[in-house]
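Atoms within a ligand are numbered from 1 in the order they appear, just like the ligands themselves.
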Amino acid sequence: IRNADAAMYRAKDEGRDSYQLYEPAMNARSLERLALETALHHALERSELTLYFQPLVDANSGEITAVEALLRWNHPDLGLVPPADFIPIAEDTGLIVSIGEWVLRSACSRHREWRKRGLGDMRMMVNISARQFRDPAFFDMVVRVLAETGMPAHQLTLELTESMLMDGIQHSIELLDRLHAFDVRLALDDFGTGYSSLAYLKRFPISELKIDRLFVRGIDRSARDVELVGAVIALGHSLDLLVIAEGVESLAHFKVLREYGCDLMQGFHFSRPLPWDELLAFHESRPGRIVG
Ligand code: C2E
Ligand code: MG
Ligand code: MG
């Protein structure tokens, strides 16, 4: 059964909808996974999780108007583990529900610190996973954390993906409507990589669209890519959404996106995700703009 399990995990890793025959080499990987899973169980209580923050820059003013909280795991032996390596495990085990609550509470606490320092308006963007979104206690958890941390709801944006909204559309619409009525902002993350169902885009009360970096990557080289990203920006604007580009890595990317009216930009051209203290220093070092 253990071997069959290892083969199943491999099949899931390769994008589901497939099968795998067991091979001895899979045991090494499933042991690795098991070790990670065991360690992840203790990560929260041992304070091994930490948040990094990546600035989002207004395309016109050059100011930081939002930051995205990005989770990191400081593993005692492995060092900094990227979220792609452990969030799927946290999802499968259900640990993401408590980890996600910790993420939201920590991000809101940082935001309070930002306000106390009088650093100006800044929205906090927090990623939500599919399992959290389907958790019946999710809405109450959000309300409770906002109250506990004194977070103004309209300064919080929850990032969701298309695939998780399409998985149970009625539930999604109801939950999004409740969050929206509570003044929490909603963003569609990684836009363009999922279903991109335009019919539903209109029915969800989202206010921001984050264009996946796949669409941004080639716009310094390919006229076709420029056309495509321009069309996505126009689409977002026609639905009255704030359009955000991810993966802005160069001045050339920035210029094309600004020309096409993209509202906010996020990427290595401006800053990598930073530990909180470095974010504060970064913000201080650039009062105003880093446009060009
Ligand atoms: P995402 O929400 O789409 O986050 C953006 C990812 O792009 C981040 O990777 C960020 O470091 C990376 N990035 C930013 N600018 C650039 C750039 O210019 N070029 C390139 N190549 N990459 C850039 P990261 O931090 O490794 O996070 C990966 C994913 O893990 C996130 O994708 C998100 O889906 C998930 N994630 C991160 N934190 C959390 C969390 O707290 N909860 C949940 N549920 N998921 C999270
Ligand atoms: Mg995100
Ligand atoms: Mg994204």
ask   = Going from CZ on F133 to NE2 on H171, what distance comes out if it is rounded to the nearest 0.5 angstrom?
value = 5.0 Å

note = Rounding to 0.5 Å, atoms CG (D189) and CD1 (I211) come to a distance of 12.0 Å

So, does [X] sit close enough to ligand 1 that a heavy atom of it is under 4.0 Å from the ligand?
X	answer
A84	no
E68	yes
R72	yes
P82	no

Please output the side-chain donor-acceptor pairs of residues 226-243 that fall under 3.5 Å, not counting sequence neighbours, one pair per line with the distance.
residue: H237; atom: NE2; partner: D263; partner atom: OD2; Å: 2.8
residue: S238; atom: OG; partner: L235; partner atom: O; Å: 2.7

Under 4.0 Å, heavy atoms only, figure out whether ligand 1 is touched by the backbone of [X], its side chain, both or neither.
X	result
H269	neither
L51	neither
I87	side chain
D212	neither

request  = Please note down the angle at the Mg ion (ligand 2) between OD1 of N127 and OE1 of E159, to the nearest 10°.
outcome  = 90°

ask   = With a distance cut-off below 6.0 Å to the six-membered ring centre and an angular limit of 45° from the axis, does R272 pair with F268 as a cation-pi contact?
value = yes

task = Could you tell me whether R110 sits above the aromatic face of F53, with NZ or CZ closer than 6.0 angstrom to the six-membered ring centre and within 45 degrees of the axis?
result = no

request  = Looking at D189, pick out the N, O or S atom nearest to the Mg ion (ligand 3) and give its name.
outcome  = OD1

ask   = Can a protein heavy atom be found under 4.0 Å away from atom 44 (N) of ligand 1?
value = yes

request  = Determine, counting only non-hydrogen atoms of the protein, whether one lies under 4.0 angstrom from atom 9 (O) of ligand 1.
outcome  = no

Show me the donor-acceptor pairs within less than 3.5 Å that the side chains of residues 73-86 make with the rest of the protein, sequence neighbours left out.
residue: W73; atom: NE1; partner: E48; partner atom: OE1; Å: 3.0
residue: H75; atom: ND1; partner: D77; partner atom: N; Å: 3.0
residue: H75; atom: ND1; partner: L78; partner atom: N; Å: 3.0

query = Is there an N/O/S atom in D212 that lies less than 2.8 Å from the Mg ion (ligand 3)?
reply = no

message = Taking I219's backbone N and O only, do any of them form a donor-acceptor pair with S222's side chain (distance below 3.5 Å, no angle check)?
response = no

query = Any ion pair linking E208 and R123 (charged N to carboxylate O, less than 4.0 Å)?
reply = yes

ask   = Is E101 paired with R144 through a side-chain N to carboxylate O contact shorter than 4.0 Å?
value = yes

remark   = among protein heavy atoms, the one nearest atom 20 (C) of ligand 1 is E249 OE2, 3.2 Å

